[in-house]
Amino acid sequence: MRFLSSLLALMLLWTGVVWAQEVYRLQPNDQIEVWTAVEPSLRRTTTIGPDGWLSLPLAGHVKAAGLTAPELEKALEEKLQGFFKEPLELTVMLQPVSERTQSIYITGEVTNPGSYPYRQGMLVLHAVSLAGGLYRTALTTSDEDRQIEVAGLVKRQRSQVSALNARIARVRAEMSNSEFVVDETILPEDEARERKILEARTTDYAARRKANEEAVALRRQAVDALREQIKTIERRIEITQQRLAAITKLVDRGFANEAQQLELEGTITELQGSHHELQRDIATAELELASELTTFEAIEGERNTELTVELRDAESELQALRSNLADNERILGLYLTTAASNATALQRTVAYTLIRTVDGQQPVEIEATELSPVGPGDLVRVSYVDRPAGPSNGSTSSIEHLSSQVSEAE
């Protein structure tokens, strides 16, 4: 019994340890590694600042303290996914820190935000230079390529929308035998192309209709001619039968030759044979007439079915294309907005803030300049603010100069 109690206690202790590991939440000064296969420039090892925030290119500032690693992955993916076509599948890994060295943390509008070793006598200017200088371009080279690609795709899709709208307008005009209706979404070249198609198809349909009408008219004439022949035959049979009746009476009285009677009977037989042949010819001609009538009905039905299917397919394709175009225009808008924001940032001056914790107290924010001293554990926040009217204070050029010197020294 004592053994079972000990075993149960160990299992509960082990479960508690595992649970505690699973729900570990990131803290200031934790070092994490961010990795993705899609964009190499996002791969980096960085440290969460004393204020609990971290900065990444494109993602900007993200509150990391208090989140689990999976929650931070999700937060970063939500901020970055709009800039990439493929899923990012970010991975955030907590890195062990063997010993605590004196460091400073740099965040905000710098090229490489993160943690850097502290050096005695460091100024804000040194800190920004260590972080690669001011972050002046909002798009990496791969992002710029992607922006060009998306812009080209949007242009092609808008052209396809015009072509589909012109096609739909042509099909509707052809179905209703009405005018070709043009709207502002149809380009002139697409309108001209579909008008030519409409003209050719309308001409072909009119020619086929005319040919069928002429064939029907000829069949009707043939039927009418055969019916006239039958009337003539029937009249001849009637007259010959009257003559035969008269001759028969004369033969019975002995006033006429019996051979005349036989000759008239033969003539009647021949006329009746011709009458039967004409009836067969009429039946054949009427079948041919009915066939011509149904042929055009079939042609018209096939044409209507073809146009209905073409219209349905074009409208479905247009709906899908518009949805895809809207997504790409949204992505392009993000790129353009980012570029516009960057252009605006170039018209602003730089502001520096030191976030410092003294004796474990609540962190305080201290306004700083390029020449403000930086202490160990400080977080240097770099941001753009509206530039006041008047000449530039030259802070940007001095940072760029020092950045180039640091790069050469390294």
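These numbers were taken from a predicted model, which means no experiment stands behind them.
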Under a 4.0 Å N-O cut-off, is there an ion pair linking [X] with [Y]?
X    : Y    : result
R227 : E286 : yes
R201 : E306 : yes
R25  : E71  : yes
E310 : R170 : yes
E33  : R44  : no
R235 : E238 : yes

Verdict with reasoning, T308 to R312, per side-chain contact (heavy atoms from CB on, under 4.5 Å): CA-CA 6 Å; T308 301; R312 181 195 63 198; 5.6 Å; no
Determine whether [X] and [Y] make a side-chain contact, defined as any pair of heavy atoms from C-beta on separated by less than 4.5 Å.
X    : Y    : answer
T107 : W53  : no
I331 : V154 : no
F180 : E191 : yes
Y105 : I48  : no
L354 : E365 : no
Y118 : S103 : no
N165 : V161 : yes
K63  : L67  : no

For atom [atom1] of [X], is the number of surrounding heavy atoms from other residues, nucleotides or ligands below 6.0 Å larger than 12?
X    : atom1 : result
R195 : CZ    : yes
E199 : CD    : no
Q319 : CD    : no
K231 : NZ    : no
E263 : CD    : no
D183 : CG    : yes

Atom of [X], atom of [Y] and distance for their closest heavy-atom approach:
X    : Y    : result
L325 : Q157 : CA-OE1, 3.3 Å
I168 : A314 : CG1-CB, 3.7 Å
V92  : A69  : O-CB, 3.8 Å
L187 : S162 : N-OG, 2.7 Å
A64  : L26  : O-CB, 3.7 Å

May I have the list of side-chain donor-acceptor pairs in residues 244-262 shorter than 3.5 Å, sequence neighbours left out?
unit_1 : atom_1 : unit_2 : atom_2 : d
T248   : OG1    : L244   : O      : 2.7
T248   : OG1    : Q261   : NE2    : 3.4
N257   : OD1    : A259   : N      : 3.1

Look only at the side chain of [X] and the backbone of [Y], and say whether a donor-acceptor pair between them is shorter than 3.5 Å.
X    : Y    : answer
S291 : L287 : no
H126 : L123 : yes
S372 : T369 : yes
S274 : E270 : yes
N328 : N324 : yes
S159 : K155 : no
N304 : E300 : yes

Pair Y116-I106, side-chain contact (heavy atoms from CB on, under 4.5 Å): steps then yes or no: CA-CA 8 Å; Y116 293 88; I106 309 170; 3.6 Å; yes
I'd like a table of donor-acceptor pairs (distance under 3.5 Å, sequence neighbours excluded) in which one partner is a side-chain atom from residues 206-215, with atom names and distances.
unit_1 : atom_1 : unit_2 : atom_2 : d
R209   : NE     : E213   : OE2    : 3.4
R209   : NH1    : Y205   : OH     : 3.4
N212   : ND2    : E292   : O      : 2.9

Considering the options I237, T267, I233, which one meets the side chain to side chain contact (heavy atoms under 4.5 Å, CB included) requirement together with Q272? I237
Taking side chain to side chain contact (heavy atoms under 4.5 Å, CB included) as the criterion, tell me which of L72, T36, L90 meets it with E77.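 Of L72, T36, L90, side chain to side chain contact (heavy atoms under 4.5 Å, CB included) with E77 is met by L90 alone.
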For side-chain contact (heavy atoms from CB on, under 4.5 Å), just list the numbers for R43 and V34, CA-CA rounded to whole Å, side-chain angles, deciding distance to a tenth of an Å, and then say yes or no. CA-CA 5 Å; R43 303 174 195 165; V34 180; over 6 Å; no
Please step through side-chain contact (heavy atoms from CB on, under 4.5 Å) for the pair L164 and R167, ending with a clear verdict. CA-CA 5 Å; L164 282 173; R167 181 182 173 189; 4.3 Å; yes
